[in-house]
Amino acid sequence: DPPGPVHVDLPVDVAALAETGGGSAAAGQGSRRSPRTSATACPPGGPGLAAALDRLKRTERPVLLAGLGAVHHRAGPAITRLCERHDIPMLTTYKAKGLLDESHPLCLGGNGLSPLSDSHVLPLLRQSDCVILAGYDPIEMRAGSIDPWAGENALEFLPAPVEHGMHGRALRLICHIAGAMEALDRGLGETRFTPWAQGAPAAVRAALAAAFTGPERWGPHQLFAALNQALPAGGICTVDSGAHRILLSQIWRAARPGELLQSSCLCTMGVAVPLAIGHLKAAPDRPVIAVVGDAGFDMSPGDLATLRDLNRPMVIVVPVDGSLALIEKKQAGMQIMKHGVSFSDSYIGAIARAYGGNSAIVTSRKSLFTETNEAWARSRFTVLTCPIDKGDYDGAF
């Protein structure tokens, strides 16, 4: 814990010693290995859990914030039971979307990418007198999430120790996240927390929905909302990095974890199509849509060759605005000259056809539904070019 790729970097001199066998004894001298902290260090009924329950029972305004660690420990059902039985509102990081079905009235959605979202969510966290952190790692959040609550008001449940200095906590337990949430649920018994004054969590949920509804005319808001509806049940969406990713992540409603896959803090461009190909390879019967910006598409068209040879239906949606819109917004925000963020249009449909795929231009909700429905019946991939106005991102997130 946490699972993921590991990079081991050997300096040239050390690598040379290893090749000749001359460095084994020297490397071993004085080396120390930290003992691994077990994720079962929080058994039900243990003193740490008892202290957490005592703190939680004395609260009036709890909030649960879940992160990727809760996804890895398959804690969604346990979190859902805990929140439903005790009336605890919850929110997730953008990587943990769907741990609680985002159509649920207690769910405040996935956050961490959008300053507009922060303007609604962070005040709620500051009002809470007990923030339950379930597998939460602040690396998933924006810099605005430094000290987002009073340190003495947080109970932190982690699968492995993470030192970052981004927030305080009253208590930290290294544990299996699902098991800890189940233990909290049992320990609280029939406790139901007094509703927040003036229904603050419900008000925040409504404010978030209104903030990301956007104009009724065709544009990124309508594109992403329609795409969410067009994806068949059980399907997967992957999204590339950029302005479109931030807005889509706020608009998208995930029913379960893993329905929306995206890069983490590395903000990798060109990642959506490889992510989708990987998922298609692992689960070929599940529909997959990849959303990649026009710049990201230009960076990695060779991935279409891999996709072509799978002979499986998949949809690639390309919002075309001729700009690195997120970087352009940052340049404007920093009051520096616009530079290196605009480019000419590529013939995206021609590129798709050259690699053996199908293509279409989409300019309305109706045409999006028509094209996606037809795409699933094919034995090859489909690329949908969706022209939008980059100005629609102004103030959108």
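The figures that follow rest on heavy atoms only: side chains count, while hydrogens, waters and symmetry mates do not.
- Evaluation of the salt bridge (Lys or Arg N to Asp or Glu O under 4.0 Å) rule for E190 yields R85 as partners, not counting sequence neighbours.
- No side-chain heavy atom of S145 sits under 4.5 Å from any side-chain heavy atom of E140.
- Under the 4.5 Å side-chain criterion, counting only non-hydrogen atoms from C-beta, W196 is in contact with Q127.
- For R253, the side-chain hydrogen bond (donor to acceptor under 3.5 Å, both in side chains) criterion is met by no residue, not counting sequence neighbours.
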Subject >> L280 and I277: CA distance, side-chain angles, deciding distance, side chain to side chain contact (heavy atoms under 4.5 Å, CB included) verdict >> reply: CA-CA 5 Å; L280 186 64; I277 292 173; 5.6 Å; no
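- More than 12 heavy-atom neighbours from other residues, nucleotides or ligands sit within 6.0 angstrom of CG on L310.
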**OP:** Evaluate the criterion side chain to side chain contact (heavy atoms under 4.5 Å, CB included) for residue pair L100 and L64; output intermediate values, then yes/no.
**Re:** CA-CA 11 Å; L100 176 61; L64 191 146; over 6 Å; no
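- Between F397 and F212 the shortest heavy-atom distance is CA-CE2, 4.0 Å.
- H339 NE2: 12 or fewer foreign heavy atoms inside a 6.0 Å radius.
- In this structure, T213 contributes its side chain and A209 its backbone to a donor-acceptor pair below 3.5 Å.
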Original post:
Passes salt bridge (Lys or Arg N to Asp or Glu O under 4.0 Å), R81 versus E182? Steps please.
Top reply: CA-CA 8 Å; R81 285 192 297 271; E182 291 168 354; 3.6 Å; yes
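- Take D298 and apply the salt bridge (Lys or Arg N to Asp or Glu O under 4.0 Å) test, not counting sequence neighbours, and it matches no residue.
- The shortest side-chain heavy-atom distance between P319 and V291 falls under the 4.5 Å cut-off.
- Partners of H167 according to the side-chain hydrogen bond (donor to acceptor under 3.5 Å, both in side chains) rule, which considers only residues two or more places apart in sequence or in another chain, are E156.
- Residue M166 is found in a hydrophobic cluster whose other members, listed by chain and number, are I146; membership requires side-chain heavy atoms under 4.5 Å apart, directly or through intermediates.
- Side-chain atoms of W149 and S128, non-hydrogen and from C-beta on, never get closer than 4.5 Å to each other.
- In this structure, K97 contributes its side chain and T92 its backbone to no donor-acceptor pair below 3.5 Å.
- Here the side chain of E371 pairs no donor or acceptor atom with the backbone of A360 at under 3.5 angstrom.
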**OP:** Give the C-alpha distance, both sets of side-chain angles, the deciding distance and a yes or no for side-chain hydrogen bond (donor to acceptor under 3.5 Å, both in side chains) between D129 and T59.
**Re:** CA-CA 6 Å; D129 56 1; T59 192; 2.2 Å; yes
**OP:** Under the side chain to side chain contact (heavy atoms under 4.5 Å, CB included) rule, what do V121 and L91 come out as? Steps first, then yes or no, please.
**Re:** CA-CA 9 Å; V121 167; L91 58 150; 3.3 Å; yes
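- A donor-acceptor contact shorter than 3.5 Å links the side chain of H86 to the backbone of T191.
- Under the 3.5 Å distance criterion, the side-chain polar atoms of D294 are matched with a main-chain donor or acceptor of D321.
- Side-chain N/O atoms of S367 and S364 include a donor and acceptor closer than 3.5 Å.
- Using modelled atom types, no side-chain atom of H73 and backbone atom of A75 make a donor-acceptor pair closer than 3.5 Å.
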Please list, one pair per line, the donor and acceptor atoms closer than 3.5 Å that link side chains of residues 384-395 to other protein atoms, with sequence neighbours excluded.
unit_1	atom_1	unit_2	atom_2	d
D389	OD1	G391	N	2.8
K390	NZ	E328	OE1	3.3
K390	NZ	E328	OE2	3.2
D392	OD1	R217	NH1	3.0
D392	OD1	R217	NH2	2.9
D392	OD2	R217	NH1	3.1

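- Contact between A70 and L99 at its shortest, heavy atoms only, is CB-CD1, 3.7 Å.
- Following chains of ILVMFWY side-chain contacts shorter than 4.5 Å, one cannot reach M90 starting from V131, and the two form parts of different hydrophobic clusters.
- Residues V273 and F381 are not in side-chain contact: their nearest non-hydrogen atoms beyond the backbone lie 4.5 Å or more apart.
- Hydrophobic cluster membership for M269: M299, L324, I327, V341, F343 (Ile, Leu, Val, Met, Phe, Trp, Tyr linked by side-chain heavy atoms under 4.5 Å, directly or transitively).
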Original post:
Does the salt bridge (Lys or Arg N to Asp or Glu O under 4.0 Å) test come out yes or no for D118 and R142, once each step is laid out?
Top reply: CA-CA 9 Å; D118 284 355; R142 295 180 64 253; 2.7 Å; yes
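- Scanning for side-chain contact (heavy atoms from CB on, under 4.5 Å) contacts around H120 gives L116, V204, A207, L208, A211, with sequence neighbours left out.
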For a quick test of your reading: what N or O donor-acceptor pairs under 3.5 Å do the side chains of residues 351-359 make, sequence neighbours left out?
unit_1	atom_1	unit_2	atom_2	d
R353	NH1	G349	O	3.4
R353	NH1	S359	OG	2.6
N358	OD1	R380	NH2	3.4

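- D9 meets the salt bridge (Lys or Arg N to Asp or Glu O under 4.0 Å) test with no other residue; sequence neighbours excluded.
- N373 places a side-chain N or O within donor-acceptor distance of the main-chain N or O of F369, the cut-off being under 3.5 Å.
- Between F297 and I348 there is a side-chain heavy-atom pair separated by less than 4.5 Å.
- In this structure R126 satisfies the side-chain hydrogen bond (donor to acceptor under 3.5 Å, both in side chains) test with no other residue, sequence neighbours excluded.
- A donor-acceptor contact shorter than 3.5 Å links the side chain of S300 to the backbone of G296.
- The backbone N or O of T268 sits less than 3.5 Å from a side-chain atom of S241, completing a donor-acceptor pair.
- I88 places none of its side-chain heavy atoms less than 4.5 Å from the side chain of V63.
- Using a cutoff of 4.0 Å between basic side-chain nitrogens and carboxylate oxygens, D240 and R245 are not scored as salt-bridged.
- V362 and W252 fall within the same hydrophobic cluster, where Ile, Leu, Val, Met, Phe, Trp and Tyr residues are linked whenever their side-chain heavy atoms come under 4.5 Å apart, directly or through other members.
- The local environment of CD in E60 is sparse, with at most 12 non-hydrogen atoms from other residues, nucleotides or ligands closer than 6.0 Å.
- By the side-chain hydrogen bond (donor to acceptor under 3.5 Å, both in side chains) test, R55 pairs with N153, sequence neighbours left out.
- For the residue pair D137 and H164, no side-chain donor N or O sits within less than 3.5 Å of a side-chain acceptor on the partner.
- Here L155 contributes atom CG and L133 contributes atom CG; the two are 8.0 Å apart, rounded to the nearest 0.5 Å.
- A 4.5 Å side-chain heavy-atom check between L108 and L124 finds at least one atom pair inside the cut-off.
- Put simply, the residue from L260, L227, V292 that forms a side chain to side chain contact (heavy atoms under 4.5 Å, CB included) with V239 is L260.
- A66 and I79 make their closest contact through CB-CD1, 4.0 Å (heavy atoms, listed as atom of the first residue, atom of the second, distance).
- Between the side chain of T93 and the backbone N or O of G67, no donor-acceptor pair lies under 3.5 Å.
- Annotation: cation-pi pair K57/F193 absent, no NZ/CZ under 6.0 Å from the ring centroid and within 45° of its normal.
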